[in-house]
Structure formats: structure tokens, C-alpha cells
Amino acid sequence: MADDKKLTTRKADFSAWYNEVVLRSELADYSPVRGCMVIRPNGYGIWERMQRTLDDMFKATGHQNAYFPLFIPESFLRKEAEHVEGFAPEVAVVTHAGGKKLEEALIVRPTSETIIYSMFAKWVQSYRDLPLLINQWANVVRWEMRTRLFLRTTEFLWQEGHTAHATHDEAEVEARKMLGVYRDFMEGYIAMPVITGQKTDAERFAGALRTYCVEAMMQDNKALQAGTSHNLGQNFAKAFDLKFQTEAGGTDYAWNTSWGVTTRMVGGLVMTHGDDNGIVVPPLLAPIELVIVPIYRNDEERTNVLEAANRIAGLLGAWDRRESSRLRVHIDARDGMKPGAKYYEWEMRGIPLRLELGPRDLAANQGVLVRRDTRAKRPVSLNTLGEDVAETLSAMQRDMLAAALDRREANSIRTAITYDRFREIMAGDGAFVYAGWCGDPACEAAVKEETKATIRCIPDEEFRSAEAPTTCLRCGGVSTNEALWAKAY
RNA sequence: CGGGGCGUAGCGUAGCCUGGUAUCGCGCCUGCUUUGGGAGCAGGAGGUCCCCGGUUCAAAUCCGGGCGCCCCGACCA
């Protein structure tokens with residue numbers, strides 16, 4: 001009777017654990033169409049909070065939202081040579097509509113560079129029209145071979161920022177700035193520490209000059225690319241004739257950037273914080289921060305406890321945490337379900353705090369407060385509950401980031417190792433390995449072939465080792481870059 | 001696309017070898033008793049056994065064909 005209630009443990013089978021926990025916490029479900037998923041209210045609630053937070057951050061950095069169409073003329077994709085090569089294999093194409101074959105097939109956007117820069121070309125004439133800073137929230141479709149809930153689905157939700165600038169350097173600053181926004185968001189809200197850095201040519205976005213990324217370590221020591229930001233140079237501007245008159249009176253092609261994060265972040269959240277009891281949602285992203293579970297043995301107690309629960313929920317809901325947001329409180333008043341069963345359910349769903357409230361507590365003017373991350377219980381006075389809850393939530397938010405950071409560093413290797421040792425590590429538990437690279441794509445490819453590990457990025461200064469590696473991990477030649485090597489999702 | 005597994009009630013499954021009343025658990029509904037870590041009893045609802053064809057008096061079961069899904073690889077946020 002017990003076994004089917006327990007999750008497969010992370011240790012036994014991380015991949016099976018992930019699938020089960022996503023389904024059982026009701027974040028998402030499979031759809032009738034292969035590779036697509038339905039995002040259920042629990043999952044969408046987290047996404048909505050991610051969206052709202054990021055959207056505010058984009059606005060604060062001067063961006064405006066707009067919306068561009070789902071369908072793009074097939075010919076647009078072909079205008080940028082590298083871009084079409086990168087995306088053609090995974091593009092869904094509409095050939096028939098309105099009962100007729102279309103004269104020109106339409107592609108379902110896999111990303112919107114082509115349609116957006118073709119429109120920018122109409123809107124930009126002068127340097128005075130720059131910079132143009134646009135973001136859109138949208139769905140995109142990429143026909144993937146193998147899919148996994150949230151991590152890789154045929155259709156996914158994302159935001160894509162697209163900007164146009166007068167100079168290369170200005171575009172570069174923008175690309176780096178938005179990478180910083182992503183980092184702040186992931187560490188500050190998802191409590192998911194990331195390494196920032198630059199992609200090698202092999203992993204660079206098709207059509208970009210340079211691609212920057214944020215990479216996070218999951219609990220199986222694999223890397224998750226959680227977001228990317230590209231300096232597109234003038235590649236798309238040239239393809240779509242996005243020109244402007246310069247201050248000096250000449251004409252030049254604009255410099256573009258694009259940057260995006262997706263619903264994949266929800267998967268990152270799950271694999272960063274989840275445990276064998278379910279998911280753990282960081283307080284700032286939790287649709288419900290505190291659930292009150294009333295305990296009673298008869299109608300009279302039920303009436304009293306629920307009355308107290310409602311009073312408390314009302315007070316907490318009005319509790320001002322200085323940023324003038326309200327505590328998001330839910331009372332689980334379902335009858336005929338034992339308190340223990342409710343505990344398990346809310347733990348599976350990762351709700352940050354639980355307040356157990358029974359007759360004995362009321363008599364003592366207290367409740368029992370339980371943290372989801374540590375599952376630690378402690379009695380709290382009802383007189384100071386607002387302060388206690390607010391403090392516990394911020395402590396939990398901090399502790400979750402710290403724990404994830406500790407785990408990442410404990411599973412990172414910065415000392416020089418032989419290639420044989422590297423192979424052992426990648427065949428075993430995996431790790432983030434900081435090691436030298438000669439710069440030759442052939443070495444990078446050979447490592448991938450032999451170990452499944454890839455260069456996740458050339459880490460930014462702050463993440464590099466105190467002493468730079470001197471030799472290439474694979475060939476032993478002179479290292480030109482310190483690289484972060486890991487297996488990836 | 002290669003390898004593996006699986007399609008039987010909402011979910012998980014037994015039955016298939018050896019053809020004959022479709023099994024069990026969870027969940028769901030009703031009632032009563034319960035409720036401080038996954039409640040108990042009683043009653044009840046729920047099925048194109050993935051699809052099409054064949055063999056047979058009779059097919060979940062045997063035969064042929066198809067479809068779908070999941071897992072592992074090659075491509076990718």
C-alpha cells in the first residue's frame with residue numbers, strides 16, 4: 001500500500017524521479033500530440049510569477065513588449081545563411097490552409113529574428129530611432145527528436161528580446177546586460193546559481209557573432225543551459241536591409257542582439273531544489289507561500305479551528321512585507337482527508353511553508369510552522385506569526401540558494417586532472433570540470449564523442465580558477481582558454 | 001532514424017504460453033465512524049481489452065498488418 005505513494009528516489013534513477021515528480025506535483029501532463037505538454041495550473045502559476053518578475057526587469061532596463069506573428073514566410077528563414085542551416089531541420093511548415101495549398105509555405109516560428117528584423121527595417125531610418133528595445137512573450141515550435149517535460153518539448157513558451165543599436169559596442173553592452181538580468185533573476189528568484197560565460201563556435205546560436213549563456217548545475221551534476229543572449233552583429237541587419245542614417249550622414253547596418261529564457265527554467269527549478277518528497281518551490285516564485293492545515297476531531301473543534309485559520313489567513317494576507325506584497329495563504333479545509341495526507345500532498349507540490357493548526361495549538365495560542373526545504377517543525381506564537389512567516393520565507397529563499405551553490409561547488413573540479421580521470425568522472429557521477437582547451441574545435445568534438453561531455457562555456461572572469469590551466473584537456477597542447485566541461489541537458 | 005519496453009476502468013496492473021463469465025490495488029461516488037504524518041467499514045459507479053483484418057461455434061488470448069506512447073542513443077533552449 002505504501003510503495004506507489006513514494007517517488008522513485010533521485011539516487012535510484014534521477015531521470016525517472018524527474019518524470020514522476022513533474023507529473024505528481026501536477027506541474028504538467030503529456031498531451032495527445034507527441035512531444036507536446038500541457039502546463040497545469042501548478043506549473044503555470046510558477047511560470048506566471050517568473051514572467052511577471054522578468055517582465056518588470058525588462059521594463060526597468062528600457063524594453064517594451066510587442067507581439068509578432070506565429071507564422072513566418074518560408075523565404076524569410078532562408079535570408080540568413082547560417083540561421084536557416086541551424087533551424088531548417090526542426091521547423092514545422094504549414095503548406096495547406098483554407099482548404100487550399102498555399103502559394104508560399106509558412107513556417108511556424110522556431111524563433112523570431114527574421115520576422116522581427118524585417119519589421120525593424122521598416123521602422124528604423126535614423127540613428128535617432130535607435131536603440132530599439134523590444135521584447136515579446138510567445139510560444140515557439142521546434143520539432144525535436146527526443147522530448148522531456150519542460151526541458152525539451154516541441155512547443156514551448158519563452159520570451160525573446162530583440163534590439164537594434166547604432167554600434168557594435170552598444171549591442172555588446174546590451175547582450176551582456178541582459179545576461180546579467182538573467183543571472184540576477186535565476187539566483188535571486190529561482191535560487192539557482194549560474195555560471196555566466198561565452199559559448200564556443202560549436203554551440204553558438206546560428207546567425208550570431210557571439211552567444212553568451214547562463215549554465216546551472218542540476219542534482220545529477222549535469223549542466224542546464226538556462227538562458228542565452230546573443231550579439232548578432234550585422235548578420236540579420238544585412239539579410240533584412242535594416243539600415244539607418246548615421247549622425248555623420250552616412251548609412252550603416254544596425255547591430256542586433258537577441259536573448260531568451262523559456263519554460264525550461266521550471267525544469268531547472270525542479271532539478272535544482274526537488275527532493276525525494278516532491279518539488280520545492282522557492283518562496284518568491286510560489287503561487288501559494290503558506291498553506292494552513294487545520295486539525296480537528298469533531299464538529300466543534302472543526303468550527304473553532306477553521307475560524308482561527310480564517311482569522312490568521314486574513315491577517316497574513318494583509319501582512320505588509322515592505323515591498324507591499326501580501327502573503328499568499330491557502331487554507332486546506334478539505335474534509336474527510338487526514339492531516340497527514342494533506343502534508344504529503346503539499347510537500348509534493350513544494351509549497352514553502354505549512355502551518356499546522358489544531359485544538360492544542362489554539363489553547364496555547366500557537367501553530368506549528370514547517371519549512372518545506374528542511375522539513376523542520378517549530379511552534380510559533382500566533383501573536384508574532386506575521387513576522388515569523390516573513391522571516392522564515394526570506395531565510396528559506398536565502399538558504400535554498402546557498403545550498404544549491406554549495407552543492408555545485410562540491411561537485412566542481414578545478415584541479416588539473418588527466419584525460420583518463422576526466423573520462424572516469426564523466427562515466428560516473430559527472431561534475432563541472434574547469435580545464436584548459438587549445439581552441440581547436442576538433443578537440444572539443446573528440447571529447448564529446450568520447451565522453452558525452454561538452455564545453456558548456458568559456459566562463460567569465462569571476463568563475464575562472466585562481467590559476468589558469470596551461471594545457472588542453474584532450475590534446476595536452478597549450479591552453480588558450482579555461483573551459484567549463486560537463487554533460488548537458 | 002537505430003536499439004529496448006509497453007498498449008486491458010481515471011492511474012497502476014493480472015489474465016495471453018494452454019481461446020470460453022475480464023482480475024486485483026489505488027482513485028472516484030454514497031453513508032456511517034474517523035482526523036496531531038498517507039483512515040476504517042459497508043454499499044456503488046466506471047470497460048470499443050490501441051486499431052483493422054483473418055482463423056474459430058467462440059478471440060484480451062492465436063495469426064497478419066497498422067497506429068501510438070515511454071525509455072536508451074544521434075540533433076537541440
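In the text below, chain A, chain B and the rest are named by the order of the sequence lines, each starting its count at 1. The figures that follow rest on heavy atoms only: side chains count, while hydrogens, waters and symmetry mates do not.
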Taking the P atom of each, how far is B:G10 from B:G47, in whole Å?
8 Å
Partner of A:His83 under ring-ring contact (aromatic ring centres under 6.0 Å, His included), chosen from A:Phe76, A:Phe240, A:Phe236:
A:Phe236
Atom C1', compared across B:A45 and B:G3: separation rounded to whole Å:
43 Å
Cation-pi, A:Tyr212 ring and A:Arg176 (6.0 angstrom, 45 degrees):
yes
If pairing requires Watson-Crick or G-U wobble contacts with both distances under 3.5 Å, which nucleotide is the partner of B:G25?
B:C11
Less than 4.0 angstrom between a side-chain N/O of A:Asn19 and OP1 or OP2 of B:C71, yes or no?
yes
For B:G37 and A:Lys338 - does any side-chain N or O of the residue sit under 4.0 Å from the phosphate oxygens OP1/OP2?
no
Does NZ or CZ of A:Arg354 lie under 6.0 Å from the centre of the six-membered ring of A:Tyr343, at an angle within 45° of the ring axis?
yes
The side chain of A:Ser15 is closest to which nucleotide in this list: B:C71, B:U35, B:C75?
B:C71
Determine yes or no for a side-chain-to-main-chain donor-acceptor pair under 3.5 angstrom, with A:Gln159 supplying the side chain and A:Val261 the backbone.
yes
Contact class for A:Thr211 (heavy atom, under 4.0 Å): base, sugar-phosphate, or nothing?
nothing
If you check the A:Lys452 side chain, which of B:A74, B:G37, B:G36 turns out closest?
B:A74
Looking only at side-chain atoms of A:Arg354, point me to the closest of B:G37, B:G36, B:C71.
B:G37
Sugar-phosphate, base or nothing in reach of A:Val368, heavy atoms under 4.0 Å
base
Contact class for A:Thr263 vs. all strands (heavy atom < 4.0 Å): base, sugar-phosphate, or nothing?
nothing
Could you tell me if A:Thr454 and A:Arg456 have a donor-acceptor pair between their side chains, going purely by distance under 3.5 Å?
yes
Distance between the P atoms of B:G64 and B:U23, in whole angstroms?
29 Å
Using Watson-Crick geometry (N1-N3 plus N6-O4 or O6-N4) or G-U wobble (N1-O2, O6-N3), each under 3.5 Å, B:A39 is paired with B:U33
Looking at every strand, decide which applies to A:Thr262 at a 4.0 Å heavy-atom threshold: base, sugar-phosphate, or nothing.
base
Checking N1-N3 plus N6-O4 or O6-N4 for Watson-Crick, or N1-O2 and O6-N3 for wobble, each under 3.5 Å, the partner of B:A58 is none
If pairing means Watson-Crick or G-U wobble with both distances under 3.5 Å, then the partner of B:G2 is B:C72
Nearest to the side chain of A:Tyr30, heavy atoms from C-beta on, is which of B:C70, B:C75, B:G73?
B:C70
Which is true for A:Glu347 with a 4.0 Å heavy-atom rule: it touches a base, it touches only sugar-phosphate, or it touches nothing?
base
Which nucleotide in the list B:U35, B:G37, B:G36 gets nearest to the side chain of A:Arg375?
B:G37
Let's test this: given Watson-Crick or G-U wobble pairing with both distances under 3.5 Å, identify the partner of B:G64.
B:C52
Counting only Watson-Crick pairs (N1-N3 plus N6-O4 or O6-N4) and G-U wobbles (N1-O2, O6-N3), all under 3.5 Å, who is the partner of B:A45?
none
